[in-house]
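Read through the structure below, which is laid out as structure tokens, and then see the notes.
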Amino acid sequence: MNLSELPQHHAVLLTHSDRKSLANKLWEELKNDSYAHRFFDQTILDIKSAREIISWAKSAYDGERTALVSFHTIGIPAQNALLKILEEPQEKIRFILITSNKSSLIPTVLSRVS
């Protein structure tokens, strides 16, 4: 899978049994596109990591940028924290979420991603 094959939605969810290799492949494409893109790679995405993603998303930058977020599981507090930026996306920011465990996501997060 390449970036050009992904839906053009502000938040995309990919489920893959080998999330790390898919994330690394997509990151190879992204990192050469812009220094503003960011790769967040966690086995367990916790509230601290969610706050780091939110901080990155709210930082000043005029160009387009993408957060590539790879995780196996994500805690409920982290999901609740990320909901606002997924529900009300900032202009020019895109999220690509990659997980090997879609069942760890709450329904409200699932409803915000394509």
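Of the possible donor and acceptor atoms, none in the side chain of Ser100 sits under 3.5 Å from a partner among the backbone N and O of His72.
For the atom pair Thr66 OG1 and His10 NE2, the distance stands at 12.5 Å (nearest 0.5 Å). In this structure, CD on Gln79 lies 9.5 Å from OG1 on Thr73, to the nearest 0.5 angstrom. Atom OG of Ser70 is separated from atom CZ of Phe40 by 12.0 Å, given to the nearest 0.5 angstrom. The distance from the NE2 atom of His37 to the OG atom of Ser34 is 4.5 Å, given to the nearest 0.5 Å.
Checked against salt bridge (charged side-chain N to carboxylate O under 4.0 Å, His left out), Lys20 has the following partners two or more places apart in sequence or in another chain: Asp41. For Asn32, the side-chain contact (heavy atoms from CB on, under 4.5 Å) criterion is met by no residue, not counting sequence neighbours. Considering only residues two or more places apart in sequence or on other chains, Glu64 meets the side chain to side chain donor-acceptor pair (under 3.5 Å) condition with none of them.
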All N/O donor-acceptor pairs, side-chain side in residues 53-62, below 3.5 Å, sequence neighbours left out:
unit_1	atom_1	unit_2	atom_2	d
Trp56	NE1	Ala36	O	3.4
Ser59	OG	Trp56	O	2.7
Ser59	OG	Arg65	NH1	3.1

Expected list for residues 103-111: side-chain donor-acceptor pairs under 3.5 angstrom, two or more places apart:
unit_1	atom_1	unit_2	atom_2	d
Ser103	OG	Asn101	OD1	2.7
Ser104	OG	Asn101	O	3.0
Ser111	OG	Thr108	O	2.8

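Taking the side chain as every heavy atom from C-beta outward, Leu26 and Leu14 approach each other to under 4.5 Å. With a 4.5 Å cut-off on side-chain heavy atoms, Leu97 and Val113 count as touching. The shortest distance between side-chain heavy atoms of Glu29 and Asn2 falls below 4.5 Å. Within the 4.5 Å cutoff, the side chain of Leu3 has heavy atoms near those of the Ile96 side chain. Taking 4.5 Å as the limit, every side-chain heavy atom of Lys31 sits out of range of all side-chain heavy atoms of Phe39. Looking at heavy atoms from C-beta onward, Arg94 lies in side-chain contact with Leu6 at the 4.5 angstrom threshold. Side-chain contact check for Ile44 versus Ile74: every heavy-atom pair is 4.5 Å or farther apart.
Under the 4.5 Å side-chain heavy-atom criterion for ILVMFWY residues, no single connected hydrophobic cluster contains both Phe71 and Leu68. Residues Leu86 and Ile47 fall into different hydrophobic clusters, defined by Ile, Leu, Val, Met, Phe, Trp and Tyr side chains chained together at heavy-atom separations under 4.5 Å. There is no path of hydrophobic side-chain contacts, each under 4.5 Å, that joins Trp27 to Phe95. A single hydrophobic cluster is seen to contain both Leu45 and Ile93, as judged by linkage of ILVMFWY side chains at heavy-atom distances under 4.5 Å, directly or through other members.
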| message | Test side-chain hydrogen bond (donor to acceptor under 3.5 Å, both in side chains) on Ser21 and Asn24; report intermediate values, then the result. | response | CA-CA 5 Å; Ser21 65; Asn24 286 329; over 6 Å; no
| Full working for side-chain hydrogen bond (donor to acceptor under 3.5 Å, both in side chains) between Arg19 and Thr99 | CA-CA 6 Å; Arg19 69 164 177 88; Thr99 185; 6.0 Å; no
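In terms of heavy atoms, Pro7 sits closest to Val12 at O-CG2, 3.6 Å.
Under the salt bridge (charged side-chain N to carboxylate O under 4.0 Å, His left out) criterion, the residue pairs touching residues 72-88 are Lys84-Glu88, Glu87-Arg112, with sequence neighbours excluded.
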